[in-house]
A.B. asks: 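Just passing along the structure, written as structure tokens.
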Amino acid sequence: LIHPKVTTKVQTHVMELLRRVLVTPAIIRTFVELNVFPAMIQLLKLSNEMVVRRTLIVFHIFSTVPSVKESLWALGVVLVEPVMLICRDNMMSDLSDRAAALLLVLLGTRDQWMLFVEANVVGIVLQLLAHCPRQEAKEHAITIMAVMCEDLAIRREVLERGGLAPLVRLRFAGETHEMRRQAGVLLAQIGITGERLEDIEKLEKQRWFKVKG
């Protein structure tokens, strides 16, 4: 799949065939045993949007089986990093929707949360919240943030990276009620409520805050 002589057309076709074949947990586990993940991860690093899109779809199918989801978690930064970079580099495309959804799947356990911090996922998620125009990607991003901010150290990381600005903006002007609600919950976790929240919202409108990537 990743040989120089293999064309993007073939790569796209193979991923589409996989999508159609992975119809039962047993078949999905069989492909895991065939060690398809390393080649698929390399496909995520390609510049061809169709190949990347199909590969993200197939990773989502794999993640529907709990035991396989744990195998994806075990890949750690090897998988998290290319998915994170897809979010960063494709904010105007539906690729950011699919990649952010996969990041949410990869969030996993508390051990994974710290891996996300070390890989700068917090910075990328904040960039999505601040700059991505796509509602679906932002919904996944704020859910990731809501889960991770249960940890005090990660809440501090969010503040250090300028996370107040996009959260306050979403609290008052998020596209959906659920997005506004989650932003409010996150700000409350951080300790920003009431008059303090209103004061910060005024400062945010003047662009006094900046997200650090």
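In this chain, residues are counted from 1 in sequence order. All of these numbers come straight from a predicted model, not from anything done at the bench. Hydrogens, waters and symmetry mates play no part in the numbers below; they use all other heavy atoms, side chains included.
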A.B. asks: In this structure, which one of R180, K138, Q135 forms a side-chain hydrogen bond (donor to acceptor under 3.5 Å, both in side chains) with E175?
C.D. replies: K138

A.B. asks: Report the distance from atom CG of L170 to atom CG of L129, rounding to the nearest 0.5 Å.
C.D. replies: 5.5 Å

A.B. asks: Where is the tightest heavy-atom contact between Q182 and A146, given as atom of each residue plus distance?
C.D. replies: NE2-CB, 4.1 Å

A.B. asks: Tell me whether L85 is reachable from L103 by hopping between hydrophobic residues (I, L, V, M, F, W, Y) whose side-chain heavy atoms are closer than 4.5 Å.
C.D. replies: yes

A.B. asks: Once rounded to the nearest 0.5 Å, what's the spacing between atom CG of D97 and atom CZ of R134?
C.D. replies: 4.0 Å

A.B. asks: Rounded to the nearest 0.5 Å, what separates atom CD in Q112 from atom CG in L72?
C.D. replies: 10.0 Å

A.B. asks: In terms of hydrophobic clustering (I, L, V, M, F, W, Y; side-chain heavy atoms under 4.5 Å; direct or indirect links), are V125 and M92 co-clustered?
C.D. replies: no

A.B. asks: If you apply the rule side-chain contact (heavy atoms from CB on, under 4.5 Å), what do you find for V158 with V122, and how did you get there?
C.D. replies: CA-CA 7 Å; V158 170; V122 171; 4.1 Å; yes

A.B. asks: Should V168 and F172 count as side-chain neighbours, where that means a heavy-atom distance under 4.5 Å?
C.D. replies: yes

A.B. asks: Give, for atom CG of D151 and atom CE of M114, the distance between the pair rounded to the nearest 0.5 Å.
C.D. replies: 6.0 Å

A.B. asks: Closest approach of R53 and S93, non-hydrogen atoms and distance?
C.D. replies: NH2-OG, 4.2 Å

A.B. asks: Could you tell me the separation between the CZ atom of F116 and the CD atom of E157, rounded to the nearest 0.5 Å?
C.D. replies: 13.5 Å

A.B. asks: Please determine whether residues L34 and V23 belong to a single hydrophobic cluster, defined as Ile, Leu, Val, Met, Phe, Trp and Tyr linked transitively by side-chain heavy-atom distances below 4.5 Å.
C.D. replies: yes

A.B. asks: Taking only residues two or more places apart in sequence, or in another chain, which ones meet F37 in a ring pair (Phe, Tyr, Trp, His ring centres under 6.0 Å)?
C.D. replies: F59, F62

A.B. asks: What are the two closest heavy atoms between L128 and C87, and how far apart are they?
C.D. replies: CD2-O, 4.0 Å

A.B. asks: Looking at every heavy atom in both K45 and P82, which two are closest together, and how far apart are they?
C.D. replies: CG-CB, 4.2 Å

A.B. asks: Would you call W73 and D111 a side-chain contact if the rule is heavy atoms closer than 4.5 Å?
C.D. replies: no

A.B. asks: How long is the span from the CG atom in L95 to the OG1 atom in T55, to the nearest 0.5 Å?
C.D. replies: 10.0 Å

A.B. asks: Under a 3.5 Å distance rule, please check whether N48 uses its side chain to pair with a backbone N or O of T8 as donor and acceptor.
C.D. replies: no

A.B. asks: Between R98 and D94, does at least one N-O distance fall below 4.0 Å, as a salt bridge requires?
C.D. replies: yes

A.B. asks: What closest approach, in Å, do G76 and L115 show between heavy atoms, and which atom pair accounts for it?
C.D. replies: CA-CD1, 3.6 Å

A.B. asks: Evaluate side-chain contact (heavy atoms from CB on, under 4.5 Å) for R171 paired with L186, printing each intermediate quantity in order.
C.D. replies: CA-CA 9 Å; R171 169 63 181 82; L186 276 168; over 6 Å; no

A.B. asks: Which heavy-atom pair separates M91 from C132 by the least distance, and what is that distance?
C.D. replies: O-SG, 3.2 Å

A.B. asks: Is there a path of hydrophobic side-chain contacts, each under 4.5 Å between heavy atoms of I, L, V, M, F, W or Y residues, that connects I86 with M50?
C.D. replies: no

A.B. asks: Are the side chains of R155 and M148 in contact, using a 4.5 Å heavy-atom criterion?
C.D. replies: no

A.B. asks: Could you give me the CA-CA distance, side-chain angles and deciding distance for L164 and L187, then say whether side-chain contact (heavy atoms from CB on, under 4.5 Å) is met?
C.D. replies: CA-CA 8 Å; L164 278 182; L187 287 164; 3.8 Å; yes

A.B. asks: Quick one: do V68 and I61 end up in the same hydrophobic cluster if we chain Ile, Leu, Val, Met, Phe, Trp and Tyr together by side-chain heavy atoms under 4.5 Å apart?
C.D. replies: yes

A.B. asks: Heavy atoms, side chains only, cut-off 4.5 Å: are E49 and N90 in contact?
C.D. replies: yes

A.B. asks: Check this for me: does any side-chain nitrogen of one of R29 and E33 sit under 4.0 Å from a carboxylate oxygen of the other?
C.D. replies: no

A.B. asks: Between L104 and E139, is there a side-chain heavy-atom distance shorter than 4.5 Å?
C.D. replies: no

A.B. asks: Taking everything shown except H13 itself, do over 12 heavy atoms lie less than 6.0 Å from its NE2?
C.D. replies: no

A.B. asks: Answer yes or no: is there a side-chain heavy-atom contact under 4.5 Å between V117 and V121?
C.D. replies: no

